[in-house]
**Student:** 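Starting off with a structure, shown below.
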Amino acid sequence: MNAQQSHELNPKEKHVVLIASFTATGNLPQLKNALSAGLDAGLTINQIREELLQLYAYCGFPRSLNGITTFMSLLEKRKSKGIHDPEGQAPIAVTGDNESKYEIGRKTLETLTGRPQNGPLTGANAFVPGIDAFLKGHLFADIFGRGVLTYQERELATITVLASLPGLEAQLQAHLGMGMNVGLTEGQLEQVFALLESGVGKQQADAARTVLIKLKVTK
């Protein structure tokens with residue numbers, strides 16, 4: 001029985017959540033523990049690298065770079081102890097000009113949302129069209145198109161960051177919808193919030209639960 005059928009996060013997915021949470025909040029001692037436990041649970045070096053790379057888009061370069069340097073230090077220590085962690089699948093470089101990458105990102109976003117993305121721009125994307133170009137051409141093409149992590153794993157990481165940081169309820173609601181659209185279950189999301197409650201705090205976990213309830217009401 002897989003994670004979707006059992007509504008349970010598997011050990012690797014739990015560590016994707018913990019790595020994202022501690023990276024976003026800057027808790028480097030806990031991040032180091034989560035990185036080590038993630039490797040022990042079967043995450044490859046490239047899967048963790050890929051997660052830390054993606055996180056810069058949601059919690060900023062400084063937090064992402066701190067996570068990367070923490071991971072580098074951990075790998076050196078493990079190697080000195082004779083632990084040889086698997087590198088794993090290599091990422092894929094998305095090639096093409098800005099127009100073709102925009103189209104790749106648009107199609108990715110259609111997959112994530114389950115809705116057409118070819119209508120006129122609205123909201124913030126219409127007000128600042130450049131952000132629309134960056135989101136589709138860079139985030140959802142250059143980053144999400146690199147492989148290594150599944151869309152479910154990428155959304156788990158994204159949801160965790162948005163739930164770990166205050167004031168991001170609108171973005172969290174959007175990505176909760178995307179996560180459920182690509183196969184994450186309500187039970188798995190409840191486990192994410194339980195992990196947040198123990199690692200970040202009850203206030204943030206309860207705020208995320210409220211956003212999920214709101215999403216279910218509006219569907």
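When a residue number appears, it is its place in the shown sequence, counting from 1. Keep in mind that this is a model prediction, so the values were computed, not measured. Atom set for the values below is all heavy atoms of this structure, side chains included, hydrogens, waters and symmetry mates excluded.
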**Student:** Please step through side chain to side chain contact (heavy atoms under 4.5 Å, CB included) for the pair Val211 and Leu162, ending with a clear verdict.
**Tutor:** CA-CA 11 Å; Val211 174; Leu162 297 175; over 6 Å; no
**Student:** Do Leu149 and Leu31 belong to the same hydrophobic cluster, where Ile, Leu, Val, Met, Phe, Trp and Tyr are linked whenever their side-chain heavy atoms lie under 4.5 Å apart, directly or via other members?
**Tutor:**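 No, separate clusters.
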**Student:** List the steps, then state whether side chain to side chain contact (heavy atoms under 4.5 Å, CB included) holds for Phe22 with Lys32.
**Tutor:** CA-CA 9 Å; Phe22 295 133; Lys32 184 177 179 180; over 6 Å; no
**Student:** Is any side-chain heavy atom of Val16 closer than 4.5 Å to one of Glu51?
**Tutor:**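 SC-SC contact between Glu51 and Val16 confirmed.
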**Student:** Please indicate whether Glu87 has more than 12 foreign heavy atoms, meaning atoms of other residues, nucleotides or ligands, lying under 6.0 Å from its CD.
**Tutor:**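 Yes - once you tally the heavy atoms of other residues, nucleotides and ligands closer than 6.0 Å, there are more than 12.
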**Student:** Let me know which of Leu165, Ile159, Thr158 forms a side chain to side chain contact (heavy atoms under 4.5 Å, CB included) with Val161.
**Tutor:**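 Of the listed residues Leu165, Ile159, Thr158, the side chain to side chain contact (heavy atoms under 4.5 Å, CB included) partner of Val161 is Leu165.
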**Student:** Would you compute the distance between atom CD of Glu13 and atom CD of Gln188 and round it to the nearest 0.5 angstrom?
**Tutor:**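 Reported to 0.5 Å precision, the distance equals 5.5 Å.
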**Student:** Are more than 12 heavy atoms from other residues, nucleotides or ligands located less than 6.0 Å from atom CZ of Phe134?
**Tutor:**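 Count not over threshold, so no.
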**Student:** Any chance you could measure Met72, atom CE, to Glu76, atom CD, to the nearest 0.5 Å?
**Tutor:**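 Reported to 0.5 Å precision, the distance equals 6.0 Å.
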**Student:** Applying the 4.5 Å side-chain criterion to the ILVMFWY set and letting contacts propagate, would Leu172 and Leu212 be lumped into a single cluster?
**Tutor:**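 Yes: a chain of side-chain contacts under 4.5 Å links Leu172 to Leu212.
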**Student:** Judged by atom type as modelled, is there a donor-acceptor pair below 3.5 Å linking the side chain of Arg154 to the main-chain atoms of Gly147?
**Tutor:**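 Checked: pair present.
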**Student:** For the residue pair Asn181 and Gly114, what are the closest heavy atoms and their distance?
**Tutor:**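 Closest approach of Asn181 to Gly114, heavy atoms only: ND2-N, 3.1 Å.
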**Student:** Is it the case that the side chain of Ser21 and the backbone of Leu18 share a donor-acceptor pair, with hydrogens and angles ignored and the cut-off at 3.5 Å?
**Tutor:**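 Not a single qualifying donor-acceptor pair exists.
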**Student:** Once the angle between the rings of His175 and Phe140 is folded into 0 to 90°, is it parallel (under 30°), tilted (30 to 60°) or perpendicular (over 60°)?
**Tutor:**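 Rings of His175 and Phe140: parallel, under 30°.
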**Student:** Rounded to the nearest 0.5 Å, what's the gap from CD on Glu153 to CD on Glu50? Could you check?
**Tutor:**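 With rounding to 0.5 Å, CD (Glu153) is 11.0 Å from CD (Glu50).
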**Student:** With no hydrogens and no angle check, is any side-chain donor or acceptor of Thr23 less than 3.5 Å from a backbone partner on Ser64?
**Tutor:**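 No; zero donor-acceptor contacts below 3.5 Å.
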**Student:** Relative to the ring of Tyr56, is the ring of His138 parallel (under 30°), tilted (30 to 60°) or perpendicular (over 60°)?
**Tutor:**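 The arrangement is tilted - the two ring planes meet at 30° to 60°.
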**Student:** Do Met178 and Leu189 sit in the same hydrophobic cluster, where Ile, Leu, Val, Met, Phe, Trp and Tyr count as joined when their side-chain heavy atoms come under 4.5 Å apart?
**Tutor:**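 Hydrophobic grouping puts Met178 with Leu189.
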**Student:** Can you get from Leu215 to Leu168 by hopping between Ile, Leu, Val, Met, Phe, Trp and Tyr side chains that sit under 4.5 Å apart?
**Tutor:**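 The answer is yes; both residues are in one hydrophobic cluster.
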**Student:** Assess whether atom CG of Asp40 is packed by more than 12 heavy atoms of other residues, nucleotides or ligands within 6.0 Å.
**Tutor:**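 For Asp40, atom CG is crowded (more than 12 foreign heavy atoms under 6.0 Å).
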**Student:** Measuring from Thr185:OG1 to Glu8:CD, what's the distance to the nearest 0.5 Å?
**Tutor:**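 Between Thr185 OG1 and Glu8 CD, I get 8.5 Å after rounding to 0.5 Å.
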**Student:** Which one of Glu186, Glu169, Glu197 satisfies the salt bridge (Lys or Arg N to Asp or Glu O under 4.0 Å) criterion with Arg209?
**Tutor:**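 Testing each of Glu186, Glu169, Glu197 against Arg209, the sole residue satisfying salt bridge (Lys or Arg N to Asp or Glu O under 4.0 Å) is Glu197.
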**Student:** For residues Leu121 and Ala126, report the shortest heavy-atom separation together with the two atoms involved.
**Tutor:**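 Nearest pair, atom of Leu121 first, then Ala126: O-CB, 3.4 Å.
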**Student:** Report the C-alpha separation of Asn33 and Ser36 in whole Å, then their side-chain angles, then the decisive distance to 0.1 Å, and conclude whether the side-chain hydrogen bond (donor to acceptor under 3.5 Å, both in side chains) test is met.
**Tutor:** CA-CA 5 Å; Asn33 292 336; Ser36 183; over 6 Å; no
**Student:** Side chains of Arg146 and Leu53, heavy atoms from C-beta outward: is any pair under 4.5 Å?
**Tutor:**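 The answer is yes, as the side chains (C-beta and beyond) meet within the 4.5 Å cut-off.
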**Student:** Indicate yes or no: does Glu103 engage Arg106 in a salt bridge with an N to O separation below 4.0 Å.
**Tutor:**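 Yes, Glu103 and Arg106 are salt-bridged.
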**Student:** State plainly whether one hydrophobic cluster holds both Ile45 and Ile48, where clusters connect Ile, Leu, Val, Met, Phe, Trp and Tyr through side-chain heavy atoms under 4.5 angstrom apart.
**Tutor:**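 The answer is yes; both residues are in one hydrophobic cluster.
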**Student:** Determine, step by step, whether Leu35 and Ile19 satisfy the side chain to side chain contact (heavy atoms under 4.5 Å, CB included) criterion, reporting the C-alpha distance in whole Å, the side-chain angles of both residues, the deciding distance to 0.1 Å, and the verdict.
**Tutor:** CA-CA 6 Å; Leu35 290 166; Ile19 289 167; 3.8 Å; yes
**Student:** So, Gln204 side chain and Gly201 main chain: donor-acceptor pair closer than 3.5 Å or not?
**Tutor:**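 Absent.
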**Student:** Looking only at heavy atoms, which two atoms of Gln117 and Lys136 are closest? And how far apart?
**Tutor:**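 Looks like O-CE, 4.5 Å.
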**Student:** On a heavy-atom basis, which atom in Asn46 and which in Pro91 lie closest, and how many Å separate them?
**Tutor:**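 Minimum heavy-atom contact is ND2-CD, 4.5 Å.
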**Student:** What is the minimum heavy-atom distance between Ile131 and Ala124, and which atoms define it?
**Tutor:**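 For Ile131 versus Ala124, the nearest heavy atoms are CG2-O, 4.0 Å.
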**Student:** Which pair of heavy atoms, one from Val182 and one from Glu155, lies closest together, and at what distance?
**Tutor:**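 Minimum heavy-atom separation between Val182 and Glu155: CG2-CG, 4.4 Å.
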**Student:** Would you check, one step at a time, whether the test side chain to side chain contact (heavy atoms under 4.5 Å, CB included) holds for Ile83 with Leu39?
**Tutor:** CA-CA 10 Å; Ile83 302 172; Leu39 289 168; over 6 Å; no
**Student:** Which value, rounded to the nearest 0.5 Å, describes the distance between Leu195 atom CG and Leu9 atom CG?
**Tutor:**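 Separation between the atoms: 7.0 Å.
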**Student:** Do Leu109 and Phe144 have side-chain heavy atoms sitting under 4.5 Å apart?
**Tutor:**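 Counting from C-beta outward, Leu109 and Phe144 never come under 4.5 Å.
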**Student:** Has Ser73 got a side-chain atom pairing as donor or acceptor with Thr70's backbone, closer than 3.5 angstrom?
**Tutor:**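 Side chain of Ser73 to backbone of Thr70, a donor-acceptor pair under 3.5 Å: no, none is there.
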**Student:** Measuring from Thr69:OG1 to Leu74:CG, what's the distance to the nearest 0.5 Å?
**Tutor:**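 Answer rounded to 0.5 Å: 11.5 Å.
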